[in-house]
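Below, each value reflects all heavy atoms present in this structure, side chains not excepted, and no hydrogens, waters or symmetry copies.
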Number of protein chains: 2
Amino acid sequence: MDAPVLTADMVSAKGVRAAAKRLAGKAVRTPLLENAVLNERAGGRILLKPEMLQHYGSFKFRGAYNLIAQLNPEQRKAGVLAWSSGNHAQGVAYAAKLMGASAVIVMPEDAPRVKMNNVRALGAEIVTYDRYTQDREEIGGKIMAERGLALAPPFDHPHTIEGQGTVALETLEDAVALGLSLDAFIVCCGGGGLTAGCAVYLEDASPETQVWIAEPEGFDESWASIRDGVRRRADVSQHTVCDALASPTPGRLTLPVMERLVRGGLALTEEDVREAMTFAHHTLKLTVEPGGAVALAAVLSGKFDARGKTVALTLSGGNVDPALFAAVLEGRPLPVSTG
Amino acid sequence: MDAPVLTADMVSAKGVRAAAKRLAGKAVRTPLLENAVLNERAGGRILLKPEMLQHYGSFKFRGAYNLIAQLNPEQRKAGVLAWSSGNHAQGVAYAAKLMGASAVIVMPEDAPRVKMNNVRALGAEIVTYDRYTQDREEIGGKIMAERGLALAPPFDHPHTIEGQGTVALETLEDAVALGLSLDAFIVCCGGGGLTAGCAVYLEDASPETQVWIAEPEGFDESWASIRDGVRRRADVSQHTVCDALASPTPGRLTLPVMERLVRGGLALTEEDVREAMTFAHHTLKLTVEPGGAVALAAVLSGKFDARGKTVALTLSGGNVDPALFAAVLEGRPLPVSTG
């Protein structure tokens, strides 16, 4: 039997609520943080959702777990496959481990050893490929067909998106407990899974909250696509320090959701990102990776005007190479990425 | 009228509970964090109390606020004085600011600019001294007498100690909410204010919890004093990277409390501390200063055997010089301290 065609309207706030129930006791219930220095500097009330405190340092575990949990027993027994050199790989590997499912991760053969070792330590099988001559989707598709594996996509699946939406659900719950309503919610945006999940939830639970996305300059194709009403592609030959956000174009499912619900976009420079990472380290005491720092950078740079507002934002991950981090701290040129 | 003589038996769990009420909505209610990688490595369940997320990056705000809040209106109007080159200075300055009290901080003239600027930005007055030729207590005492200021001691006051004890109160509350009881609680120990406050609270609220202290090698005079039943002094001419824990001897009030309630002591090397700071950055995604990392170092080094246990520990602060932090991350020799 073929899988049903997935469409954007399958993503719902109800699905996000169900995901939250599935994730209870499995995902880290990350806190909502606030910092007096940041509030003073922004001139508003800034609420931080620190997903670097999530399992394996990014929000990706949420979507992966929510997806694998909804596979039927045979699918789960057969296992899942994902391609990723980064956060999604670790999220899938850990979620699969918790549910006793096997996982195959297709990674470039020159991926950082640290990430490969993490994935392997979680019990996942790694299949490597040469990213200059081979196509990971082709390799992954072949393995899936041979072994009957289910795909765990990084963002373009309703269950993935709904899992990521629990970030907004928890944020809103904690804000309400503080007696606050959210004027805006700024999301670090790559393929749009986190954004779409959060936006769908907030549309239902807090329609007065404006959803904004933050992207690296040059990889701000999500906002360009939303604004222009036509799918835009980033030039992937250019470099961005925000490796986690370097997806070429928004997802098939995430774009229609974002078109409907995202109010504005913010493009951040490398300098903005470096400043936000340094501020997070020095003042917030949190390790933030470049791609996880863009929403904070939007506030610190003043590109998003938070004066007089209550604004929540995602710090979506913290997996950063120590040499790169040290270079940021000391204001040195960034080392060349190892992939 | 002379101030009453302060004694160790004035410190009580009831006082800690009252402090928690005073601090509600003023201090950051820091979360209780857990990390799957850490648990697996330790072979137990490790609960982390991340006080680098507290106002100005350390638990010190708690004790300072609890003390200033209990001054009478005239005392508060006159203001407070503290001597500190570090975390206590910022805690006092911010607590005083919140309560509209003035604060005078006596700091060495070669204290790091960053800390001086933070204190000044909080509206406190800074009085500098030459730490090679002048005595800060003499200078502070003279100013207090002239201006009728109250002293805000870094640890040796019941109200300071009870304020710090709210760290244990919140930890226990959150652990109980998770259905856990604490086998042990490991505290980063300098003068003993945090330790004494936490120990007094746990004695009452969770008597089955063993309290342990973690100290830097060479500055492990608190445990030596407790163990030997006689006050020991550290050789302050030696260097420690754990500047926040470099107090020469436990407090007059804190030592009797610790003698009664502390079960064991752990001495950590610089290598242990560097490893813990790196682990915290890389895996926990938290910025921890050297002195705030010793309890974690006790678990990671295996000096505290956490296997099969539920253990809470303090990550007591995160104020660390960027150059020192970068050196730790990259495994380089540490830069010479600037004070």
Side-chain angles (χ1 to χ4, degrees), chain A residues 25-37 39-41 48 50-58 61 90 94 97-98 114 118 121-122 174 177-179 277-278 280-289 292 315 317-332 335, chain B residues 25-37 39-41 48 50-58 61 90 94 97-98 114 118 121-122 174 177-179 277-278 280-289 292 315 317-332 335:
Chain A
K26 304 297 180 186
V28 177
R29 206 331 176 160
T30 55
L32 193 62
L33 301 177
E34 200 175 353
N35 180 279
V37 175
N39 283 348
E40 182 144 333
R41 182 159 158 183
L48 306 164
E51 282 293 298
M52 74 288 286
L53 304 178
Q54 189 51 261
H55 293 310
Y56 290 87
S58 93
F61 171 79
Q90 295 182 65
Y94 188 57
K97 182 186 173 189
L98 286 190
V114 157
N118 276 351
L122 286 166
D174 289 359
L178 293 169
M277 289 174 69
T278 304
H281 166 77
H282 197 75
T283 302
L284 306 177
K285 314 300 180 189
L286 297 169
T287 306
V288 188
E289 66 183 272
L315 296 167
N319 293 320
V320 52
D321 177 69
L324 189 151
F325 197 84
V328 167
L329 274 195
E330 299 196 312
R332 290 185 269 121
Chain B
K26 306 296 181 186
V28 176
R29 202 344 171 152
T30 56
L32 194 62
L33 302 177
E34 201 173 355
N35 181 279
V37 175
N39 283 348
E40 182 143 334
R41 179 157 163 186
L48 306 164
E51 282 294 299
M52 75 288 287
L53 304 179
Q54 188 52 259
H55 293 310
Y56 290 87
S58 94
F61 171 80
Q90 295 182 66
Y94 188 57
K97 181 187 173 188
L98 285 189
V114 158
N118 277 350
L122 286 166
D174 288 358
L178 293 169
M277 289 173 69
T278 304
H281 166 77
H282 197 76
T283 303
L284 307 177
K285 314 299 181 188
L286 297 169
T287 307
V288 189
E289 66 183 87
L315 297 167
N319 293 319
V320 53
D321 178 70
L324 188 151
F325 197 84
V328 167
L329 274 196
E330 298 196 311
R332 290 185 270 122

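Contacts of B:Arg41 classified as side-chain contact (heavy atoms from CB on, under 4.5 Å), with partners at least two apart in sequence or in another chain: B:Glu275, B:Phe279, B:Leu300.
Of the inter-residue distances, the one linking A:Leu53 atom CG with B:Leu48 atom CG reads 10.0 Å to the nearest 0.5 angstrom. From A:Gln54, atom CD reaches atom CG of B:Asn35 across 10.5 Å, with rounding to the nearest 0.5 Å. Note that CE of B:Met52 is 14.0 Å distant from OG1 of A:Thr283, once rounded to the nearest 0.5 Å.
For the options B:Glu289, B:His281, B:Glu330, heavy-atom pairs under 4.5 Å to chain A are most numerous at B:His281. Of the listed residues (A:Pro50, A:Ala327, A:Pro322), the one with the most heavy-atom contacts under 4.5 Å to chain B is A:Pro322.
At most 12 non-hydrogen atoms from other residues, nucleotides or ligands lie less than 6.0 angstrom from NZ of B:Lys26.
Of the atoms belonging to A:Leu284, it is backbone heavy atoms, and not side-chain ones, that fall under 4.5 Å from chain B. Residue contact with chain A, scored on non-hydrogen atoms closer than 4.5 Å, involves the backbone and the side chain of B:Asn319 alike. Contacts between A:His55 and chain B at a heavy-atom distance below 4.5 Å involve the side chain alone, from C-beta outward. Contact annotation for A:Glu40: only side-chain heavy atoms (C-beta onward) come within less than 4.5 Å of a heavy atom of chain B.
A side chain to side chain contact (heavy atoms under 4.5 Å, CB included) with A:Lys285 holds for exactly one of B:Val320, B:Leu315, B:Thr287; it is B:Thr287.
The two residues B:Ala326 and A:Leu329 come nearest to each other via the heavy atoms N-CD1, 4.2 Å.
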